[in-house]
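Down below is the structure, laid out as structure tokens.
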Amino acid sequence: MGVRGLQGFVGSTCPHICTVVNFKELAERHRNKHPGGTPTIVVDAMCCLRYWYTPESWICGGQWREYFSALRDFVKTFTAVGIKLVFFFDGTVEQGKRDEWVRRRLKNSREISRVFHYIKSHKEQPGRNMFFIPSGLAIFTRFALKTLGQETLCSLQEADYEVASYGLQNNCLGVLGEDTDYLIYDTCPYFSIGDLCLESLSTVMLCREKLCESLNISLADLPLLACLLGNDIIPEGMFESFRYKCLSSYTSVKENFDKKGNIILAVADHISKVLRLHQGEKKLEEMLPLGPNKALFYKGVASYLLPGQISPWFFQKPKGLITLDKQVVSMNSDPESEQEVPMCTDPESKQGVPVCTDPESKQGVPVCTDPESKQGVLMCTDPESKQGVPVCMDPECKQGVLVCTDPESKQGVPVCTDPESKQGVPICIDQESKQGVPMCTDPESKQGVPMCTDPESKQGVPMCTDPESKQGVPMCIDPESKQGVPICIDPETKQGVPMCIDPESKQGVHSKSKQEVPMCTHTEIKQKLRLGADPEFELEAPMCTDPAVKQQDLMNMEPEVKQVTMVSDPEILKVARAQHVQAESYLVYNIMSSGEIECSNTLEDALDQALPSQAFVYRPVRQRVYSLLLGDGRDGTSTCPTVKEWFVYSGNPLRHPDLVRPLQMNIPGGTPNLKSLWLNQEPGIQGRRLDALLGCFDLSSSREELQAVENPFKALCCLLIYLFVQVDTLCLEDLHAFIAQALCLQGKSTVQLADLQLDYIDPRAVQLGSLLVRGLTTLVLVNSACGFPWRMSDFMPWNVFDGKLFHQKYLQAEKGYTVEALVEQNRSRLTKFHTLKSVVCKACVKENRRIISRQLWRSHQPGRWGRQGSGSHRTSSGYSRAGQGQHWRDQGPGNRQYEPDHWRRHSSSSGCT
């Protein structure tokens, strides 16, 4: 995460950039400096998950009550000293960082394999050195923080960029996280979550200014350094040979530093002593071995520039300007002044040229003698003729500008080179942009007039400045008034047509065209645009012809979405986007905007073929959600959409996403549209929302039974029915354990749950715990997509699931404990247990799925438990297996079209006992 090697370098080589600070003192200082302001810390929540997850047990699916309690204590501690916290979560994986995301997921898969190997060998949880965060932790942390009343946001791009931007724009106390990218961003101070002591509210502040001082570079050089070292955008190996070249020429290698530390010092030294000499004069690709990676490298550097910031490495001086090394080649005597004058050698003519020192850059600049004034004049080399050309200094940008002699005034006039004729063209300095603008001489006034190049004729056209936009507008000379008149290009004739100004709208209108074409000013960019032009894409957009829509409404419309989306309805997209940003939904906006989603690693045993991966178990649910959000293409009015799924499962190399199509829904009364589900407030709409939710799980037939279940067990029963219908290898003991732990959880305190001791760890129970938690995250997705028919709190894990408690009940059920023992001899729980079990079993029977005891299974199917073949996964994961007999493990990963089907293999098992 972040810049490769920088974290270790800071700890071992530059420890002085780390300063211990106290948040309470910093907050007090902030209040004194900004009276009335609230000290705010912006938190990169994804970096903090490991710090927040303090429960000792992590292997069983998560200790959610303990975790929620730890989050509450964290928030309370900061609130007590008057500090506001704003939490940011990753809302998407940017395409430029997909390779890095894949690399980490594959690494995590190898780590999970080692975890299961350890469990099977030792029957206990591995040490903290093998710690893996419980599945769904990031998703449920969002809702936990919102429950605690905290401002919680989900990013529309990479979260670290939005965190840094928020911190800078809102004058925050600092950023709290664990990512060296925050040392690169030029934003508010960066504090380490890893070094935070919650009791004293002290931590370490990493100072980017001190880092720059140690490396002898500026803040503006940090993005360049980060990309040369490698980060989440630039692969570490891209500049490996370049870094070693820097190291080989680095003269200050520290013997007591490690190799990576010396490499960072060497690259920084190269930036300060070599690259900076040509900064702005040469493009980066002329100074660095970028090759075909030029665009990626520029993107990497630009990714660190926050709104309003620029990089000096993207600036370029005129190519013809001769720049010199710091050394003076020779000294010669000036015959006019009889003084010693520094000389340099012109690389083209090989002759000596006098030089003077540029007061801005402190570098030598060639000069020639003006025959009129007899004084030295700066000069540069004309790239076409290879000869010296006089220049003058632009007072605004402090750079050399070519000059020629005006035959009328005998004075030097700045010129630029016309790219078409390759000849010098006089220029004037535009007062707004402070840049040179080509000009021609007005035959009437004999004065210079700015001009621009006509793209059709490639010839210069006089222009004037539009008083509204402050930009140049082509003009022609009115033969009547002898004055300049603005013109625009007629799209039919491709010729300039004079414009007049509408006195009412103050907008430009063709004066000779057959049809008036209104112009509008976009409020953001202050640039004149034809009504119907999309200012975001610079493309033509259809003009609105609805007479009910006023012109000013069109001009003030601001595009919500800056990309081509899967859904065209702007109202629905706006709602989805708002819910996404406010962290109220999960994956819905990603599906509707980009049609691409991802799911990280889950604690699953790659060697256990009896239990399918959660990626396949819940895929049919996701496919029905796609149908609800995007349509299934069966109405004939649109093509069937495809969603790209990046889901981690055994055997998936993640080279390509799985291409998954929607699955047609079976909802009584038909599939409702999103506007009715999301925006309709009529009394009966909640029932339609519930119909849609149950339709996503294909459980419409169990509506009445589920409605009779009390909260928070309604959602749990829905999930259990789906799981037991889907996965044949789940048995009655598994059902008993799931229900018993949910009931017993209601009467347990956080301390009691923390004190639970397990006899041993069972690998199958570990995977079952993760499978259920992933089901709860799927419920979040479905509930969001259907307009929230159920309260989110009903399937938050701290209300219905505890990893250790489930593991305890699983082991007890395996040993043959009675139901009374499982519910800890509590009569009230026993009644509820039988009610919930009855609901699940009856619903499964409707689907011809009879749940039997494992002992009964073993007696009927000797030697087959643990490897069930194709029967372990009952419902198709999106493409037909009926004719192929494919096991779910054989569903090929990557870039496969998963077609929906309605095939279901029915179990021949007997009786739900």
Tell me yes or no: between the side chains of E94 and Y161, is some donor less than 3.5 Å from an acceptor? no
Got a salt bridge between R105 and E598, using NZ or NE/NH1/NH2 to carboxylate O under 4.0 Å? no
Do the rings of F74 and W52 sit parallel, tilted or perpendicular, given the 30° and 60° boundaries? perpendicular
Tell me the closest heavy-atom pair linking C47 and D179, and the distance in Å. SG-CB, 4.0 Å
Can we say R688 and D691 salt-bridge, meaning some charged N sits less than 4.0 Å from an Asp/Glu carboxylate O? yes
The side chain to side chain contact (heavy atoms under 4.5 Å, CB included) partner of S784 among M792, H580, Q579 is M792
Can you confirm if the NZ or CZ of R619 lies within 45° of the ring axis of F647 and under 6.0 Å from the centre of its six-membered ring? no
Any ion pair linking E604 and R774 (charged N to carboxylate O, less than 4.0 Å)? no
So, K146 side chain and Q582 main chain: donor-acceptor pair closer than 3.5 Å or not? yes
Quick check: does any side chain N or O of R622 sit under 3.5 Å from a backbone N or O of A615, one acting as donor and the other as acceptor? yes
Closest approach of A785 and L628, non-hydrogen atoms and distance? O-CD2, 3.7 Å
Is any side-chain heavy atom of E66 closer than 4.5 Å to a side-chain heavy atom of E56? no
Could you tell me if R689 and Q686 have a donor-acceptor pair between their side chains, going purely by distance under 3.5 Å? yes
Check this for me, if you would: do D802 and K809 make a salt bridge, where the nitrogen-to-carboxylate-oxygen distance has to be below 4.0 angstrom? no
In this structure, is the centre-to-centre distance between the rings of W64 and F801 below 6.0 Å? no
Taking only Lys NZ, Arg NE, NH1 and NH2, and the carboxylate oxygens of Asp or Glu, determine whether K97 and D160 approach each other closer than 4.0 Å. yes
Where is the tightest heavy-atom contact between P657 and W646, given as atom of each residue plus distance? CD-CZ2, 3.4 Å
Taking atom types as modelled, find out whether Y67 and T141 have a side-chain donor-acceptor pair closer than 3.5 angstrom. yes
Salt bridge flag under 4.0 Å for residues R103 and E100: yes
Is D608 salt-bridged to R764, cutoff N-O under 4.0 Å? no
Under 4.0 Å between a Lys/Arg side-chain N and an Asp/Glu carboxylate O for E178 and R50? no
